[in-house]
Amino acid sequence: MRITDTVKHDIRTKGRSLRVAGALMLTAVAAGALAQTVPDQQVPDTGGLNIPSNLQLFGKLDPNVRKPTAIVNDTVLTGTDVDQRMALAMALNNVTKLSPEDRDRLRMQILRQLIDETLQIQEAKTADVKITPEEINQAYARFSQQFGKSPADMTKYLRSVGSSERSMRRQIEGELAWSRYLRRRVEPFVNVGEEEVNAIRARLEAAKGTEEYNLKEIFLSANEATSQQVFANARQIIGEIQKGQQPFEYFARSFSEASTRAVNGDLGWVRAAQLPPELQSAVQQMEVGQVAGPIQIPGGFSILYLTDKRQVLTADPRDSRLSLKQLTVKFPAGTTTAQATARAGDFAKAIQTIRGCGDVQRVATELKAEVVDNDQVTIRQLPAPLQEILLKVQIGQATPPFGSPEQGVRSLVLCDREEPRSGNLPTADQIQNQVEQQRVNLRANQKMRDLRRDAVIEYR
């Protein structure tokens, strides 16, 4: 039996293209006849927009006041579509309550996602990309299985949380259609030659020993007019992240305006030199598990989360493969925090008597604890607090107790540690695949910008 997901987190080792850039949002204001002439003095740098330095607004416009409905190239997005997709996002992320401000932000973000999804489905159809009902059925069944439900049970569950099977199927259709479109219309035209691969391998060899950072991001676009408000919104998001009620990934999916939103804000492994100058110094000062921001960069503000760091092509102790035994004592339903603390104290005293992994079963019997074995986990796969402990624990020793009143109390006993080998260069095929995927992602982002620019969208 493998150690449960409560002591794991997802470490992505495959590189992804770094995109830390904002989208320029243009809004038109119907002002009627101008009451006076605006002087023609110009701001020094407005990207060629020729905006007067002493501009005056005629009328008011708050995009957040719009009702979250739209017509996208004759495809209608209704308020029900937005409400059901919001309910789906909240349910899948175990969010039961949002502040009015967070709800408004999430509603507008969902609307933007639905618009993008509609544009992707429309573009795929123009390219004669067809997604059959059977393919959607199969994907829906796989999605249901991930949550331990049958398709029928998942349909009932979605209805119970205010969403619908139709909303989930549309999202599935959009993902399948766009993925197939990219395979047909983009991937065949992306080529990486042997000379380029060899150059990348040489640069990696030259960079041996330099630090790499595994980062996640939230990007919020802003211009001069919206900068203060967006900065305040970013501060509020950071405050919510620090409360720990929802993971960073939830906020990345819900609020980020970068393409990395689709992968929970994951930038993959990057070196400081690959980042915008504004982010380089911040990343180099961050500790694993730390959130930094809001950091102003061209086009908006960035919030960063450092999940891990390592040295290029150098053996890292966090890559050590461990053989572990986990002891778990579950608490009865209704256990209070005080009761959980008392039982955790008894648990802590018991595990201090463990004399190696051969002694685990004796203590487990005394505690009526469940024992789980795992000999395939690396230190890097564990949560940051446990990583620091297991880097110092000796063979046969147990970690301090950890857990919660809901999930019980646990301890890990270290049975063996396999030290990591020296880092190896990735193979030519691995480099080629990674670079090709980066370029596909880049062209996909460019295509989405074109689709948004050319779309006829009527907000209602």
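FYI, the numbering just counts along the sequence from 1.
- Here the closest heavy-atom approach between residue I395 and residue D416 is recorded as CD1-CA, 3.5 Å.
- In this structure, CG on L119 lies 8.0 Å from CZ on R452, to the nearest 0.5 angstrom.
- Using a distance-only test at 3.5 Å, with no hydrogens or angles considered, a donor-acceptor pair links the side chain of Q387 to the main chain of R380.
- By the ring-ring contact (aromatic ring centres under 6.0 Å, His included) test, F331 pairs with no residue at all, sequence neighbours left out.
- At a threshold of 4.0 Å, the pair R185-E123 does not count as salt-bridged, since none of the basic side-chain nitrogens sits closer than that to a carboxylate oxygen.
- K309 NZ: more than 12 foreign heavy atoms inside a 6.0 Å radius.
- Side-chain contact check for N264 versus F248: every heavy-atom pair is 4.5 Å or farther apart.
- You'll find the side chain of L414 stays beyond 4.5 Å of the side chain of Q397, heavy atoms only.
- In this structure the side chain of V372 never reaches within 4.5 angstrom of the side chain of L324, judged on heavy atoms.
- Contact of the L204 side chain with the I431 side chain is registered, since non-hydrogen atoms from C-beta on lie closer than 4.5 Å.
- Residues that satisfy the salt bridge (Lys or Arg N to Asp or Glu O under 4.0 Å) test with E366, not counting sequence neighbours, are R362.
- In this structure, the separation between CG on L215 and OG1 on T260 is 10.5 Å, given to the nearest 0.5 Å.
- S227 places no side-chain N or O within donor-acceptor distance of the main-chain N or O of E224, the cut-off being under 3.5 Å.
- The two residues R417 and L390 have their closest heavy-atom pair at NH2-O, 2.8 Å.
- For the side-chain hydrogen bond (donor to acceptor under 3.5 Å, both in side chains) test, no residue two or more places apart in sequence or in another chain qualifies with T335.
- Note that CG of L98 is 4.0 Å distant from CE of M90, once rounded to the nearest 0.5 Å.
- Applying the ring-ring contact (aromatic ring centres under 6.0 Å, His included) rule to Y140 yields no partners; only residues at least two apart in sequence or on another chain are considered.
- Remark: side-chain polar atoms of Q432 are paired, donor with acceptor, to backbone N or O of V192 under 3.5 angstrom.
- Looking at heavy atoms from C-beta onward, L412 lies in side-chain contact with F402 at the 4.5 angstrom threshold.
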Please table the atom pairs, donor to acceptor, closer than 3.5 Å between any side-chain atom in residues 338-346 and protein atoms at least two apart or in another chain.
unit_1	atom_1	unit_2	atom_2	d
Q339	OE1	T336	N	3.0
Q339	OE1	T336	OG1	3.4
T341	OG1	T337	O	2.8

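- Two residues are said to be in side-chain contact when any heavy atoms from C-beta on lie closer than 4.5 Å; R261 and D116 meet this criterion.
- Under the 3.5 Å distance criterion, the side-chain polar atoms of S221 are left unmatched by any main-chain donor or acceptor of G300.
- Residue R159 places its CZ atom among 12 or fewer non-hydrogen atoms of other residues, nucleotides or ligands, all under 6.0 Å distant.
- At least one donor-acceptor pair under 3.5 Å links the side chain of R355 to the backbone N or O of T353.
- With rounding to the nearest 0.5 Å, the separation of CG in L451 from CZ in R449 is 11.0 Å.
- Among all heavy-atom pairs drawn from I351 and T399, the shortest one is CD1-O, 3.4 Å.
- For E436, the salt bridge (Lys or Arg N to Asp or Glu O under 4.0 Å) criterion is met by no residue, not counting sequence neighbours.
- Not a single donor-acceptor pair under 3.5 Å links the side chain of S179 to the backbone N or O of E175.
- With a 6.0 Å radius and a threshold of 12 heavy atoms from other residues, nucleotides or ligands, E419 has its CD atom above the threshold.
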Item checked: side-chain contact (heavy atoms from CB on, under 4.5 Å) evaluation trace for K447 with V186 -> CA-CA 10 Å; K447 183 62 179 180; V186 177; over 6 Å; no
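- The main-chain N or O of T226 is never found under 3.5 Å from a side-chain atom of Q229 such that the two would form a donor-acceptor pair.
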Next item on the list: Any chance you could lay out the side-chain contact (heavy atoms from CB on, under 4.5 Å) test for N233 and F301, step after step, and finish with the verdict?
Entry: CA-CA 10 Å; N233 291 344; F301 293 91; over 6 Å; no
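- One finds the CZ atom of R105 at 8.5 Å from the CG atom of L220 (value rounded to the nearest 0.5 Å).
- Applying the salt bridge (Lys or Arg N to Asp or Glu O under 4.0 Å) criterion to E418, with sequence neighbours excluded, gives no partner residue.
- Applying side chain to side chain contact (heavy atoms under 4.5 Å, CB included) to E370 and the options R410, Q326, K330 leaves one that passes, K330.
- Among residue pairs with one or both ends in residues 233-250, those qualifying as salt bridge (Lys or Arg N to Asp or Glu O under 4.0 Å) are K216-E249, E240-K243; sequence neighbours excluded.
- Looking at every heavy atom in both residues, V161 comes nearest to A91 through CG2-CB, 3.8 Å.
- When all heavy atoms of P401 and A348 are compared, the closest pair comes out as CG-CB, 3.5 Å.
- Residue A70 comes nearest to L111 through the heavy atom pair CB-CD1, 4.4 Å, listed as atom of the first residue, atom of the second, then distance.
- In terms of the ring-ring contact (aromatic ring centres under 6.0 Å, His included) criterion, F255 has no residue partners (sequence neighbours excluded).
- By the ring-ring contact (aromatic ring centres under 6.0 Å, His included) test, F189 pairs with no residue at all, sequence neighbours left out.
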Checklist line | side-chain contact (heavy atoms from CB on, under 4.5 Å) between E257 and Q109, worked out | finding: CA-CA 8 Å; E257 298 176 44; Q109 184 66 38; 4.3 Å; yes
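- Considering only residues two or more places apart in sequence or on other chains, R169 meets the salt bridge (Lys or Arg N to Asp or Glu O under 4.0 Å) condition with E165.
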Next item on the list: Might you work through the side-chain contact (heavy atoms from CB on, under 4.5 Å) test for R85 and R170, ending with a clear yes or no?
Entry: CA-CA 10 Å; R85 187 62 64 85; R170 178 178 171 80; 4.1 Å; yes
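- Side-chain contact between L442 and Q446: present, with at least one pair of heavy atoms (C-beta onward) separated by less than 4.5 Å.
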Next item on the list: Please test T378 against D319 for side chain to side chain donor-acceptor pair (under 3.5 Å), starting from the C-alpha separation and ending with a verdict.
Entry: CA-CA 6 Å; T378 64; D319 290 323; 5.5 Å; no
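- Within the structure, the side chain to side chain donor-acceptor pair (under 3.5 Å) test picks out no pair touching residues 278-295 (sequence neighbours left out).
- Here the side chains of L391 and E388 are in contact, with some heavy-atom distance below 4.5 Å.
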Margin query: One pair to check against side chain to side chain donor-acceptor pair (under 3.5 Å): N433 and Q437. What are the steps and the verdict?
Written below: CA-CA 6 Å; N433 291 338; Q437 188 58 51; over 6 Å; no
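- Note on D450 versus R453: salt bridge recorded, some NZ/NE/NH1/NH2 to OD/OE distance being below 4.0 Å.
- With respect to the salt-bridge test (charged N to carboxylate O, under 4.0 angstrom), the residues D83 and R107 qualify.
- For the atom pair OH (Y157) and OG (S163), the distance works out to 9.5 Å, reported to the nearest 0.5 Å.
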